[in-house]
Amino acid sequence: MTLGTRGIGKSVHSSDQAAFCKLMIGARKAAGLTQHALAVRLKKPQSFVAKYEGGERRIDVVEFIAIARALGADPLKLIATLLSGAKGKSPRTRSGTN
């Protein structure tokens, strides 16, 4: 993941955003959930999941944590995976669970 010298780019179509989307799709699939099943857990419409997975919508940190918890994933491990560049791989379990 790279940041320019002027900060975070505003485009939702950056390579970093694409890596994040791939990571979130991988985490959902690793949890064995469809977009619909995840949306039910989040009490959101299926389009919410489809839009952030497709890069059409960004999610904030509070939403990210809620999504990770709904997936049964550790949000810190997901971020570490993203930062390490291991795109698409998803640590699913929290320490001491599962």
Side-chain angles (χ1 to χ4, degrees):
M1 190 165 182
T2 59
L3 298 177
T5 57
R6 299 188 76 189
I8 298 174
K10 295 191 185 245
S11 172
V12 295
H13 303 292
S14 70
S15 61
D16 291 337
Q17 181 65 19
F20 179 74
C21 293
K22 186 174 180 180
L23 178 77
M24 296 306 289
I25 292 166
R28 177 180 54 77
K29 288 181 177 181
L33 296 173
T34 62
Q35 287 183 348
H36 177 73
L38 176 56
V40 168
R41 287 186 181 189
L42 295 168
K43 298 180 178 146
K44 299 272 189 187
Q46 178 271 334
S47 62
F48 171 80
V49 177
K51 286 180 180 181
Y52 78 73
E53 284 188 358
E56 189 177 337
R57 179 190 192 286
R58 288 186 180 222
I59 56 173
D60 66 29
V61 69
V62 175
E63 291 170 324
F64 169 74
I65 292 168
I67 292 164
R69 288 180 175 160
L71 293 170
D74 181 339
L76 294 176
K77 287 182 181 179
L78 285 172
I79 291 295
T81 300
L82 184 66
L83 292 173
S84 75
K87 299 170 186 153
K89 293 189 179 177
S90 173
R92 177 149 150 45
T93 60
R94 293 183 195 136
S95 299
T97 62
N98 222 17

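Computed from heavy atoms alone, side chains included, the values below leave out hydrogens, waters and symmetry copies.
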I'd like to know if I25 and F20 are part of one continuous hydrophobic network [Ile/Leu/Val/Met/Phe/Trp/Tyr, side-chain heavy atoms within less than 4.5 Å]. no
query = Can you get from F64 to V49 by hopping between Ile, Leu, Val, Met, Phe, Trp and Tyr side chains that sit under 4.5 Å apart?
reply = yes
Contacts satisfying side chain to side chain donor-acceptor pair (under 3.5 Å) that involve residues 30-47 (not counting sequence neighbours) are Q35-Q46, Q35-E53
Flag yes if V40 and L71 sit in one hydrophobic cluster, no otherwise; membership is Ile, Leu, Val, Met, Phe, Trp, Tyr, and two members link when side-chain heavy atoms are under 4.5 Å apart. no
Residue pairs meeting ring-ring contact (aromatic ring centres under 6.0 Å, His included), one or both in residues 38-62, sequence neighbours left out, come to F48-Y52
A70 and L33 have their tightest heavy-atom pair at O-CD1, 4.2 Å
d(L83 CG, L23 CG) to nearest 0.5 Å is 10.0 Å
Applying side-chain contact (heavy atoms from CB on, under 4.5 Å) to L76 and not counting sequence neighbours gives D74
- Task: Check whether any side-chain heavy atom of L78 lies under 4.5 Å from a side-chain heavy atom of L82, and answer yes or no.
- Result: no
Rounded to the nearest 0.5 angstrom, the NZ-OG distance for K22 and S15 is 12.5 Å
Which of K51, R58, R57 passes salt bridge (charged side-chain N to carboxylate O under 4.0 Å, His left out) with E63? It is R57
